[in-house]
Every structure is written in structure tokens, then in C-alpha cells.
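No hydrogens, no waters, no symmetry mates; every other heavy atom, side chains included, goes into these values.
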Amino acid sequence: MDLEGARKRAVLRGLEAGGALSPPAAAIVGTRAFRSRWVVAACVTLLGFSVVCGLYRSPPALPLITAAVYSGSLRHQLLAGDGWVWQRQQRTGDDEKLQRRQQQRLIDDGLPQQRRQQPPVDGDVASNGFSGVPPRDKYLGGLLAAGFDERSCLSRYYSGVYRKPSPYKPSRYLVQKLRTYEERHRRCAPHTAAYNRTLPFLKAGASVPEEEVECKYALWTPWSGLGNRILTLASTFLYALLTDRVLLIDPGKDMPGLFCEPFRDTTWLLPPGFPISDFEAFYRSHPQSYANLLKSEKISNDGARGKAPPPFVYIHLGDDYQTEDMYFFCEKDQAVLRKVPWLFLRSDLYFVPGLFLNQEFEPELSRMFPEKETVFHHLGRYLFHPTNKVWGMITTYYRAYMAAAGERLGIQIRVFSAEDSPFELVSEQVINCTLKEKLLPEVDGDASIIDSMTDDPKMTKTVLITSLHSGYAEKVKDMYWEHPAAGGVVVSVHQPTHEERQQTDDAGHDAKAWAEMNLLSLADVLVTSAWSTFGYVAQGLGGIRPWVLFRAVKGVMPDPICEREASLEPCYHAPTTYVCREKKDGDNGNVVHFITRCRDATSGIKLVDRR
């Protein structure tokens, strides 16, 4: 236990420093490297003495063997952290080949030991080190474009080495649409000629030109917690993809520090000095909202009136939106909005299912996503790549606690009301669910800890728990404290952070949250909490259908306590209640066969593939 505690404290100190390992950990690595160099030096000296004395003739391969051994010792000096720090200073020089080799070692040491490999080029077949697992696909079946500087965002091409290969492949049509979008984004990005020609439409009193403009935009700004932001940003990007718009985002306080730029040779960030600076002023009551423009008859969704729309319209899609805001999802309203150069969408909801309800959008969406439940799985892996700082946090923790396990179980616990869901009830719910579904082994009360000691990695199970509170992890640890798990399985329990409360817009807090979402997505099996967008992101990135812990009400244990999710897709918590095809309020959960009610939030709807 002392060794495990020391090891964990060393890694956590590294995480708090931005991903670099702590000095004690570095000292251990350095000592190993020091011993390795002395062994190499002794071997070379002995062989040299033998050759001089005529006792030994060096084979041609000896220099290569010696170089390989030395290279291996050198790799122990690489540490994953903020910017991938070298432990020892390298000799500087102008030799570009040496620099490239050093950079490749940097990348290699960012890979888990059992999955480490040379990065394959397109079409290469390379084993990722796991028996029976398909080869790693660097570009995710064409989802990712080639040509990025890999060192600027290591996670873009190397997250697939850590994560299990996805059984869900993007359609050719989706890949084609993404490449077309990327070209449009480069042509219309900030500071381009086309962008500069569209800026005057944001001035007061401007009107929509008679001829259609070359570039139209969808603006997005952060709202609510990080999980909500990721889901709403993916939703807004899909809308831009459907309507030939360019997505530009308000960087907020920490977006550039969390996510790499997703589009090559351009940016999705609004530049400093953009004409709209106070995005917080836009809310349901704003006079430029689509609902209020309709009410004031400054815009018309009735083609007979022929009134031209303004050049800038605010779309309010928050959970408090009005019926007129919900018209956004209707066909005739989209025909009007198609003419507007600048649309500003603000939402705290995953509104993708609402786009599928539009009869004009649905055929296009079905071509892009033949498997309906893979929308966020594909768009999430396309758009959201952790920056090198966050990636260092992820890989450091993964290699320390998850890489060597035979199976990895992720448990995400989110409590929205301590009164409804007290600590003891939630702890009991987590343990009962994981034991009932055989996600965790039972305790063998007749065996001792000594009896369960094993060196077989297949008999090890790592449990990763993410929660704002530390007590849940301790409860699971205590279960295996006095007696081992049945069947000889060795269970280890780990929790990266416990921040105690959500701290939206705090850069350090959001970085840890983003790292934990990614760590959960690297699990083999996942348990998430009902209503939690944090869990939705993890299951979507990992392509995992989780077991969902249902919410307790007034301190009463839910029945059932948990259930396997039917779809990878997040839930649209507060869906539009206006049924466009019926022109009245109704239940959009029964309109099309591939949209159903959410099990974890019965007021919501989600995409499913009927099996």
C-alpha cells in the first residue's frame, strides 16, 4: 500500500504541474537510465578489450546492437507532460535528422507500452499490440484529414492508439462533406477577402443583398458546463455542414487551451475586434432573436409576404425557449434563414435530433449517418482533440494506472441533488449495479489477499472513477480491502481528481474535466450517470453503450438501479415540442421511427438504430 500511495502521489503531482512527472518520479527514471548507461559502457569496454587482445572478432551487427541498447536507455529519459519535456538536455546542433529522430521518440513515448508502434501511413497494417484487435487506423476511416503538423496536436492522430478501434465507420458521403467543408472554411475564414466582404452586414441598419453572398456563417459561444459546450458545439457544426455555413466560435476563457484547431491551415476562432463583443447579452428576450423578430413582424416565415430578412439573426435554443424559437427546426423557417449571412446560435442542449425532424434535412443526414446513433461519435472524434497540455495529463495517468490492466472499467458519478441522492444511497447504487451486471467481481469472503496475488495481467481489472467527490472511490476500495475478488481477479481503484464542486470557466478545472472525459472514453466498459452531459461525451468519444445509473428521487433507490443504454447518442433533454409537419404542439418522440424517448431523461428524445 505504501508503494502504491507513493506512486499515485508522484503522478498526481505531475498532473497538477500540467502533466509533467514529479521530481521523485523523474529521479527514479533518471536512476534507471544512469544504470543502463553504465551497463552499456561496461559491455563496450569489455568487448573493446577483447578485440584489442585478439580474443574476439566483432560481428558486423555489433554497432547496431549497441546503438539499439543505448537508444532504449535514452527512451527512459523521456517524460510525458506539458509540451513533452526531455528529462536530460540533448546536444544542440544543426543536424535536422537528429532532431526528427528525437521528435519521433517524443511521439513514441506518448504511446502506451503495449500499443507502441511506428505511425503507419494510410493503408498500412500495423498491430496495436492487443491480441485479436484490428490494426490502428490513423485517419479514422477518412474522418480526419491528412497534412496536419502532428507535433502541434499529438492527440489528433495518436488518440486512436489508446482508444479501442471503433466498430463504426464513417460513411463515404460524410467524409466527402467534411473535405468540402474544410475547403469552404479555408476560403471564408477570418481575415480572408470573402470574410471581410461579409463583415459590413453586421453594422446597424445593414440589409441583406439581392445576390447571395459567397460565405455565410454560424456563430457559437460557450454556455453552461464543459459537457454541454461540447455537445452544443457539435450540434452547431452539423447545422453548418447541412446549410453550407462556416462555423466560427467565441473562444471564451479557455477554449483554445482545451481543444486543438480542427481545420487545417485556418482557424475556427473569432478574431479580436469582432464587431459583436458582448455575446452574454443575447438571451431569449433579445430583440434580434428569431422568435422576437417574428412577433414584431421584422421577419416573415410566410412566403406570401415576401419580406426580406435582416442580415443578422440570433437563434435561441436554450431549455427555456419559446414556441416561436422552436420554428427554427421547420422547413419553411429554414428557407427564410438560408438567406441570412450571419446566424448566431446559443444553446445548452444537444439539438441534433431536432435537425433530423426536418423533412428536408433528414435525407441528407441519413446519407451522412446511415447508422443514426453514430452522429456524435463521428463528429466528436473529428472536432475535439485535446491540446498537448491536456494530452500529457491523459497519457501520464493512463500509463500509470490503466495501461497494464486486463480490463478497464470507467464509472462516472454525477449528483445533481444531494437531497434526492445522498452519498450512502449513491454508493450503494454504484456497487449494486456493478455487481449485479457482473462489471465488478464478487468478494470472496473465504480467501485471503495472499491467495489472490497474481502476475497474470489478464486477471487484473482497473476501475477508473470520476466524480466531484472522493468518497465513492473509497467505498469501492473498501469492498476489496479485507478479502480479494472472487476468481482470483485483482481489482485496483483510481480517481484522478475530486474538485468538490463544478467550476465553469476555470481553466484548470475544465482541463481536468476534459482529461477525465477522455480517460473514461479509453475504458472497455462504462457506467455513467443519468442526465450527465459529461458521461454523454465520454460514451460518444469511446463508442461505448454504457450502463446508466438512474436518478434517485427524494432519497428513494430507483428501480431499476441501472440499465444498459440502447444508443451511443446523447439525449436532447428539452426537445422542441412543436411538431412542424403537424403545425401544432405535440410529441416529437413519436414522429419518426429512429427517434425515441430517453431512458435516463424521459422528457428528452434521442436518435436510435432500431435493431
Side-chain angles (χ1 to χ4, degrees), residues 1-9 11-12 397 400-402 404-415 418 421-498 500 516 519-520 522-530 532 535 538 544 546-552 555-564:
M1 293 300 297
D2 291 339
L3 288 176
E4 175 66 13
R7 184 187 187 200
K8 186 163 186 176
R9 288 191 296 274
V11 173
L12 287 176
Y397 200 89
Y401 299 113
M402 299 173 67
E407 185 180 47
R408 288 163 284 273
L409 169 63
I411 302 177
Q412 180 259 336
I413 302 173
R414 179 72 163 95
V415 174
S421 305
F423 172 76
E424 290 298 336
L425 183 145
V426 175
S427 299
E428 182 182 349
Q429 182 184 10
V430 170
I431 291 174
N432 288 348
C433 171
T434 52
L435 292 178
K436 174 178 173 287
E437 301 297 338
K438 302 188 184 307
L439 307 180
L440 281 178
E442 296 281 353
V443 173
D444 187 348
D446 297 327
S448 67
I449 296 295
I450 301 298
D451 298 332
S452 70
M453 296 180 66
T454 178
D455 293 328
D456 185 357
K458 294 180 181 178
M459 297 297 290
T460 59
K461 183 186 288 281
T462 288
V463 181
L464 175 77
I465 294 181
T466 64
S467 173
L468 291 172
H469 310 287
S470 61
Y472 302 109
E474 296 303 320
K475 282 285 186 180
V476 178
K477 283 181 183 179
D478 289 346
M479 188 167 64
Y480 300 105
W481 178 249
E482 294 183 1
H483 297 282
V489 178
V490 176
V491 178
S492 61
V493 181
H494 309 284
Q495 181 174 346
T497 67
H498 45 90
E500 302 304 327
E516 289 186 335
L519 285 169
L520 285 170
L522 305 181
D524 302 303
V525 183
L526 198 56
V527 177
T528 61
S529 296
S532 175
I544 305 168
W547 274 264
V548 179
L549 299 165
F550 292 117
R551 290 177 70 173
V556 177
M557 183 72 72
D559 184 19
I561 55 175
C562 67
E563 189 175 279
R564 186 77 184 273

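Shown here for V463 and L440, the closest heavy-atom pair between the two residues is CG2-CD2, 3.6 Å. Residue L520 comes nearest to A538 through the heavy atom pair CB-CB, 3.7 Å, listed as atom of the first residue, atom of the second, then distance. In terms of heavy atoms, K461 sits closest to P441 at CE-CD, 4.0 Å. For the pair C562 and W547, the tightest heavy-atom approach, listed with the atom from each and the gap, is SG-CD1, 4.4 Å. When every heavy atom of G406 is checked against every heavy atom of D524, the shortest pair comes out as O-OD2, 4.5 Å. A pairwise comparison of heavy atoms in Q412 and S529 identifies O-OG, 2.9 Å as the closest pair.
Counting only heavy atoms from C-beta outward, the side chains of K475 and E424 approach each other to under 4.5 Å. Between Y480 and V490, every side-chain heavy-atom pair lies at or beyond the 4.5 Å cut-off. Contact of the L519 side chain with the T466 side chain is not registered, since no non-hydrogen atoms from C-beta on lie closer than 4.5 Å.
Under a 3.5 Å cut-off, the side chain of S427 and the backbone N or O of Y472 do not form any donor-acceptor pair. Here the side chain of Q495 pairs a donor or acceptor atom with the backbone of S467 at under 3.5 angstrom.
Interatomic distance, CG of L526 versus CG of L439, reported as 10.0 Å (0.5 Å rounding). Atom-to-atom distance recorded for K436:NZ and Q429:CD is 11.5 Å, nearest 0.5 angstrom. Going from atom CD of E563 over to atom CD of E437 covers 9.0 Å, rounded to the nearest 0.5 Å. Distance CG/L468 to CD1/I413: 10.5 Å, rounded to 0.5 Å.
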Quiz prompt | side chain to side chain contact (heavy atoms under 4.5 Å, CB included) evaluation trace for L464 with R408 | solution = CA-CA 7 Å; L464 175 77; R408 288 163 284 273; over 6 Å; no

Quiz item: After noting the C-alpha distance and the side-chain angles of H469 and F423, does the key distance pass the side chain to side chain contact (heavy atoms under 4.5 Å, CB included) rule?
Solution: CA-CA 10 Å; H469 310 287; F423 172 76; 5.9 Å; no

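Residues meeting the side-chain hydrogen bond (donor to acceptor under 3.5 Å, both in side chains) test with T462, sequence neighbours left out: S492.
L409 pairs with exactly one of V527, V491, V476, I465 by the side-chain contact (heavy atoms from CB on, under 4.5 Å) rule, that one being V527. Partner M479 forms a side-chain contact (heavy atoms from CB on, under 4.5 Å) with one of L435, V493, T434 and no other, that one being L435.
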